[in-house]
Every structure is written in C-alpha cells, then in structure tokens.
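To start, the structure itself, in structure tokens.
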Amino acid sequence: MSYSICWVITGAGHLLAETVEYLLSIDFCTVDLHLTRAGREVALRYGQMDRLKSSGREIFFETDASSSRLIFFSSGRYDALVIAPATSNTVAKCALGIADSMASNFFAQAGKSGIPIYILPTDTASEMTSVTPSGKKISVRPREIDLKYTDELSRFPGVTLVRTPEEVADSICQCFAPEAPE
Ligand SMILES: Cc1cc2nc3c(=O)[nH]c(=O)nc-3n(C[C@H](O)[C@H](O)[C@H](O)COP(=O)(O)O)c2cc1C
C-alpha cells in the first residue's frame with residue numbers, strides 16, 4: 001500500500017537545507033509539497049527552490065485559495081501531515097488553536113480529521129547555531145515564549161515532535177507499520 005503525505009515547509013532557514021535534502025530522497029510514499037508565503041521567500045533566499053523543483057513533485061504555494069485544499073484531510077487523501085521545518089510563528093499559532101494561515105489551517109484540519117501530525121520545530125533549545133542565506137553561522141536564542149509553545153505542541157494528542165528530518169520517516173514508519181503478531 002502506498003501512503004500519501006501532505007508536507008508543509010514554513011518560512012524557516014533553520015534545518016531547511018537538511019529538510020530539502022531528505023525530501024529529495026523520499027521514495028516510500030507520495031509527498032504533496034506545500035510552501036507558506038514565508039516558506040517560498042525563505043526557500044528562494046536559501047537557494048533551495050530549484051532543488052525542490054528538481055524533485056519533480058508538484059509544489060503548492062500559499063495563496064488566498066489555499067483553504068480549498070483543506071478538503072483533502074477529511075476526504076482521506078492524506079495519511080499524515082508533516083510541517084517541517086516549522087517556524088516559531090506557526091508553532092505558536094498551532095498551539096493556540098489559531099487557523100489563519102496555510103500551515104496552521106492544515107494543522108487544525110488534520111487534527112479534526114484524526115490524521116497523525118509530525119512537526120519539526122526550529123525553536124527547541126535556549127541557544128542554537130543556525131546559518132544565514134549566505135552560509136554564515138549565527139547564534140540564535142529562542143525566547144521563553146517560543147520554547148513554551150514548542151513544549152505545549154509536544155503534548156497535543158496526535159502530534160509527534162521530531163528533531164531531524166530523518167526522524168519524520170522513522171516516526172511515520174512506526175505509525176504505519178502493521179502491528180507485530182503476538
Ligand atoms: C531568511 C529568513 C530566515 C528565517 N528563519 C526562521 C527560522 O529559522 N525560524 C523561525 O521561527 N522564523 C524564521 N524566519 C521568520 C519567519 O519567516 C516569519 O516569522 C514568518 O512570518 C513565518 O510565517 P509562516 O510560519 O507562515 O511560514 C525567517 C525569516 C527570514 C526572512
């Protein structure tokens with residue numbers, strides 16, 4: 001059986017290159033790629049858009065009509081929703097139950113449809129090293145409020161927080177794997 005995943009890339013530079021690298025290697029399921037408005041801008045600035053396009057997958061960009069794709073969660077088209085990387089903005093909206101952007105709207109609808117959700121947040125520690133679009137290493141210090149919403153999301157039913165793009169595959173395979181016979 002072939003699984004189908006809805007994958008949303010938000011406007012995060014942190015872990016973006018690693019996520020795209022991993023996305024290009026996925027062959028165990030179908031992936032519909034979605035980019036938020038900021039995701040599109042950041043992917044362009046980090047030089048990742050051409051790599052995404054080279055995957056041959058159709059890319060859906062956030063527009064005023066993105067809501068029309070919400071139907072795919074209740075209609076059973078998707079087996080899982082992945083938001084990776086997920087900005088602190090999207091993580092906070094999801095944790096607060098706000099659904100006014102493509103990523104937060106998909107999160108809410110997937111939750112209401114009982115579809116497993118996998119999130120790779122950018123803000124997971126009080127100090128992190130990241131890279132700018134020009135490749136310069138920088139130190140980033142997420143605020144208490146950013147870490148608070150990451151933590152809150154980790155306790156949402158049906159939501160799995162992952163730390164690396166590869167962990168998405170491990171978690172999804174565990175979720176879909178048939179139960180071992182007793
Ligand atoms: C070059 C660039 C890199 C960014 N990287 C991050 C990041 O790693 N993590 C983060 O939380 N926000 C980051 N941002 C800020 C988000 O893009 C911004 O909060 C945006 O509103 C998020 O929208 P979205 O969550 O709908 O994608 C970055 C912005 C720019 C311009």
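Remember, it's a predicted structure, so these values are computed and weren't measured experimentally.
The number of heavy atoms from other shown groups lying within 6.0 Å of CD1 (Ile145) does not exceed 12.
Under a 3.5 Å cut-off, the side chain of Glu62 and the backbone N or O of Thr36 do not form any donor-acceptor pair. Checked by atom type and distance alone, the side chain of Ser66 pairs as donor or acceptor with a backbone atom of Thr63 at under 3.5 Å. A donor-acceptor pair is defined here as one N or O able to donate and one able to accept, closer than 3.5 Å; no such pair exists between the side chain of Thr87 and the backbone of Thr10.
Take Lys148 and apply the salt bridge (Lys or Arg N to Asp or Glu O under 4.0 Å) test, not counting sequence neighbours, and it matches Glu152. Every residue was checked against the salt bridge (Lys or Arg N to Asp or Glu O under 4.0 Å) condition with Asp27, not counting sequence neighbours, and none meets it. In this structure Phe156 satisfies the ring pair (Phe, Tyr, Trp, His ring centres under 6.0 Å) test together with Phe107, sequence neighbours excluded. For Phe106, the ring pair (Phe, Tyr, Trp, His ring centres under 6.0 Å) criterion is met by His34, Phe73, not counting sequence neighbours. Applying the side-chain contact (heavy atoms from CB on, under 4.5 Å) rule to Ser126 yields the partners Leu147; only residues at least two apart in sequence or on another chain are considered.
Using a 4.5 Å cut-off between side-chain heavy atoms of Ile, Leu, Val, Met, Phe, Trp and Tyr, with links allowed through other members, Leu16 and Leu35 fall into the same hydrophobic cluster. Linking Ile, Leu, Val, Met, Phe, Trp and Tyr whenever their side-chain heavy atoms come within less than 4.5 Å puts Ile98 and Val159 in one cluster. Note on Val8: it clusters hydrophobically with Ile71, by side-chain heavy-atom contacts below 4.5 Å among ILVMFWY residues. At a threshold of 4.5 Å between side-chain heavy atoms, the hydrophobic network of Ile, Leu, Val, Met, Phe, Trp and Tyr places Ile59 and Ile9 in one connected group. Transitive grouping of hydrophobic side chains (ILVMFWY, heavy atoms separated by less than 4.5 Å) brings Leu120 and Val20 into a common cluster.
Here the NZ atom belonging to Lys53 is positioned 12.0 Å from the CG atom belonging to Leu33, to the nearest 0.5 angstrom. Interatomic distance, Ile26 CD1 to Leu23 CG, rounded to the nearest 0.5 Å: 5.0 Å. Rounded to the nearest 0.5 angstrom, Leu24 CG and Thr19 OG1 are separated by 10.5 Å. Going from atom CG of Asn89 over to atom CG of Asp146 covers 10.0 Å, rounded to the nearest 0.5 Å. Note: Ile119 CD1 to Leu161 CG = 6.0 Å, rounded to the nearest 0.5 Å. Residue Arg69 holds its CZ atom at 13.5 Å from CD of Gln109, rounded to the nearest 0.5 Å.
Closest of all the heavy-atom pairs between Ala86 and Val91 is CB-CG2, 4.0 Å. The two residues Ala108 and Ala99 come nearest to each other via the heavy atoms CB-CB, 3.9 Å. Closest heavy-atom contact between Ser104 and Cys94: CA-SG, 4.0 Å. When every heavy atom of Gly11 is checked against every heavy atom of Val42, the shortest pair comes out as O-CG2, 3.5 Å. For the residue pair Ile83 and Ala103, the shortest heavy atom distance occurs at CD1-O, 3.9 Å. Residues Pro85 and Thr122 share a closest heavy-atom pair of CB-CG2, 4.1 Å.
Side-chain atoms of Ile5 and Tyr118, non-hydrogen and from C-beta on, never get closer than 4.5 Å to each other. Taking the side chain as every heavy atom from C-beta outward, Val31 and Arg57 approach each other to under 4.5 Å.
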Could you please spell out the steps behind the side-chain contact (heavy atoms from CB on, under 4.5 Å) verdict for His14 and Val140?
CA-CA 10 Å; His14 191 60; Val140 181; over 6 Å; no
Evaluate side-chain hydrogen bond (donor to acceptor under 3.5 Å, both in side chains) for Asp32 paired with Tyr78, printing each intermediate quantity in order.
CA-CA 9 Å; Asp32 280 355; Tyr78 294 127; 2.6 Å; yes
Derivation and outcome, side-chain contact (heavy atoms from CB on, under 4.5 Å), residues Leu96 and Tyr149:
CA-CA 8 Å; Leu96 286 167; Tyr149 287 128; 3.7 Å; yes
Stepwise side-chain hydrogen bond (donor to acceptor under 3.5 Å, both in side chains) check, Ser139 with Glu127:
CA-CA 7 Å; Ser139 170; Glu127 179 141 20; 2.9 Å; yes
Take Met128 and Asp123 through the side-chain contact (heavy atoms from CB on, under 4.5 Å) test and state the conclusion after the steps.
CA-CA 8 Å; Met128 309 166 348; Asp123 292 14; 4.3 Å; yes
Side chains of residues 43-52: which donor-acceptor partners sit under 3.5 Å, not counting sequence neighbours?
residue: Tyr46; atom: OH; partner: Val131; partner atom: O; Å: 2.8
residue: Gln48; atom: OE1; partner: Arg51; partner atom: NH1; Å: 3.2
residue: Arg51; atom: NH2; partner: Glu21; partner atom: OE1; Å: 2.7

